[in-house]
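Remarks on the structure that follows.
Here is how names work: the chains are called A, B, and so on, in the same order as the sequence lines, proteins then strands, and each is numbered from 1.
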Number of protein chains: 2
Amino acid sequence: MLRLNLRDKNTLLRTSFLSELGPTAMASMLEIANISSYEARDVLFREGEPADCFYTVLSGYVRLYRLNKDGREADIRICGPGDIFAECLLTLGDTYLYNAQAAENVTLARFDLGRVRQLAEQEKDVAKAIMRSLSDHLRGTMDCIANDRLQTAPQRVAHYLLTHCGAEEGPGSVRLPFQKSLLAGMLGLAPEALSRAFSSLRKVGVTVRGRTIQISDISALKQI
Amino acid sequence: MLRLNLRDKNTLLRTSFLSELGPTAMASMLEIANISSYEARDVLFREGEPADCFYTVLSGYVRLYRLNKDGREADIRICGPGDIFAECLLTLGDTYLYNAQAAENVTLARFDLGRVRQLAEQEKDVAKAIMRSLSDHLRGTMDCIANDRLQTAPQRVAHYLLTHCGAEEGPGSVRLPFQKSLLAGMLGLAPEALSRAFSSLRKVGVTVRGRTIQISDISALKQI
DNA sequence: CGATTCGTTGAGAGTCGTCAACGGAGGTGG
DNA sequence: CCACCTCCGTTGACGACTCTCAACGAATCG
């Protein structure tokens, strides 16, 4: 466990979970928070292990994934700074539902499930924050299913670019905050499939150089 | 709007949402409940429409689905008796996130979002029930993503059969509560793919006749 | 009994995963 | 500063899987 430095503290306070709490609830959550760091590829926990905490990412990225019985992995979610995960265990059960691995060096805030449950009983703000967080995740996860089932690989990539370039038309660009293999898993693709999807998007004006991606015409990309 | 008959009322009371409420909260929810019926293929609401209610299924089945811009449909969830849907709008927003269609004749209970929000402020039980419901859905939806990404069509069917036959080994049987085309959508498959998956499971002792499915050896099915 | 819907089967095409080889980037150590 | 190494990303070849379209048979409902 480490001390909470200024930048991490700001990230934590701007989290959707904490940002809308009243002063007393906020103070209680900060008091409960438990900072820890992991190195790239460290496993935070495995599916089925007894669960005592949920997490907020302060820096870096974390993979949540499952294994099939052949050992093949499938990502369920990629969590970045400000994201919260495993909070559904507040009401569900006492074992983790998936594996979690640090995709790079990460710092996390851990919150004891029991203490937050208790806090939610006393502080209406905390209960509301939990509901908001759960709703957000549910929405995002349903979006993911719909995208998986409706879109091909190039369409998924186009969709990702369009939601991360910040513009509606004209040219734009995206800087990936992580490795491409992570983006592949996030979109439910093998790394090779992501690579081929980028290639196929060249003809609509998408240029990839390392982690920076140029889009010559956002409107054209929407037609994919 | 119709009167609440005895069987529907029992279904409603046994819902995970209502069953654990205290007497006053339960009474308030029953008072808010608004019963309505739809015929097969009726559309309850469309994605993007202003939302005023969330729903509980009392009888029949409801499809939640999205459209891509070519008009192709993909099911996100199939809801049966006791299931609740669109409750994430309690905290999220004021438009529906997907289309909902009656897969057969259905009766539903509708709950006004605003009034339940208000109730959740006063009654801790209601807030807890919302959290539990959201957590359950989030878990189920994440399971769905993992299954989509890790399993082939025969594996998905086998998994469905194993979780619905109620036994751990030996022979077993499943009676589908709905049409096969609904099961196909639920598993993220075209109806033809479901049919072929059943065919391929014949060699491990799965026999299909109409809606009843015989399994000669459950342990063998687990090896798929 | 006729009509419509549902389910199955076949053929074909498209998409994506896997395996393998190659090239480049970044980091380490000499 | 360079040589080397490892990891990441790309590309090609191949195969498995599943969607689509079409036709046929079965079941259901009036």
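- One can place CG of Leu150(A) at 15 Å from C1' of dT18(D), the figure rounded to the nearest angstrom.
- Of the candidate nucleotides dT11(D), dC19(D), dC17(D), dC19(D) has the atom lying nearest to any side-chain atom of Arg196(B).
- Distance Asn147(A) CG to dC16(C) P: 13 Å, rounded to the nearest Å.
- Residue-level contact check: Arg209(A) touches neither bases nor backbone, having no heavy atom under 4.0 Å from any strand.
- If you measure from atom CD of Glu104(B) to atom P of dT28(D), you get 15 Å, rounded to the nearest angstrom.
- Between the side chains of Gln214(B) and Ser173(B), no donor N or O sits under 3.5 Å from an acceptor N or O.
- Looking at heavy atoms from C-beta onward, Gln179(A) lies out of side-chain contact with Glu104(A) at the 4.5 angstrom threshold.
- Whole-Å rounding puts the Leu183(A) CG to dC8(D) P distance at 15 Å.
- In the helix from dG7(C)-dC24(D) to dG30(C)-dC1(D), the terminal helix axes, each the rotation mapping four pairs' C1' atoms onto the next four within five end pairs, subtend 40°, rounded to 10°.
- Across dG9(D), dC16(C), dC19(D), the shortest atom-to-atom separation from the side chain of Ala190(B) is found for dC19(D).
- Checked against dT8(C), dC8(D), dT10(D), the side chain of Ser195(A) finds its nearest nucleotide in dT10(D).
- Using a 4.0 Å heavy-atom distance criterion, Leu189(B) is classed as a sugar-phosphate-only contact.
- Considering only side-chain atoms of Glu192(B), the nucleotide from dC16(C), dT18(D), dT9(C) that sits closest is dT9(C).
- Side-chain atoms of Thr15(A) and Thr56(A) form no donor-acceptor pair, as typed in the model, at a separation below 3.5 Å.
- Here Arg41(A) lies in heavy-atom contact (under 4.0 Å) with sugar-phosphate atoms only.
- As a whole-Å value, the separation of Leu182(B) CG from dT5(C) C1' is 15 Å.
- For Ala193(B), counting side-chain heavy atoms from C-beta on, the closest listed nucleotide (dT20(D), dC8(D), dC19(D)) is dC19(D).
- Put simply, CG on Asp148(B) is 13 Å from P on dG17(C), counting in whole angstrom units.
- Ion pairing between Glu169(A) and Lys222(A) fails under the 4.0 Å rule for side-chain N and carboxylate O.
- For the pair Phe17(B)/Arg132(B), no side-chain contact is recorded, criterion being any heavy-atom separation below 4.5 Å from C-beta on.
- A distance of 10.5 Å separates CD1 in Ile76(A) from OH in Tyr65(A), rounded to the nearest 0.5 Å.
- The phosphate of dG14(C) (OP1 or OP2) has no side-chain N or O of Thr152(A) nearer than 4.0 angstrom.
- Residue Lys180(B) has its side chain nearest to dT8(C) when only dT8(C), dG10(C), dC8(D) are considered.
- In this structure, CZ of Phe198(A) is placed 14 Å from C1' of dC8(D), rounded to the nearest angstrom.
- Comparing dC6(C), dG9(D), dC16(C) against the side chain of Ser181(A) picks out dG9(D) as the nearest.
- Atom CG of Leu176(A) is separated from atom P of dA25(C) by 17 Å (rounded to the nearest Å).
- Between Ser199(A) and dT11(D), a side-chain N or O to OP1/OP2 separation shorter than 4.0 Å is present.
- Between Tyr55(B) and Phe45(B), the ring centre distance stays below 6.0 Å.
- Counting non-hydrogen atoms under 4.0 angstrom, Arg211(A) reaches nothing in the nucleic acid.
- Across all non-hydrogen atoms, the minimal contact from Arg66(A) to Asn99(A) is CA-ND2, 3.9 Å.
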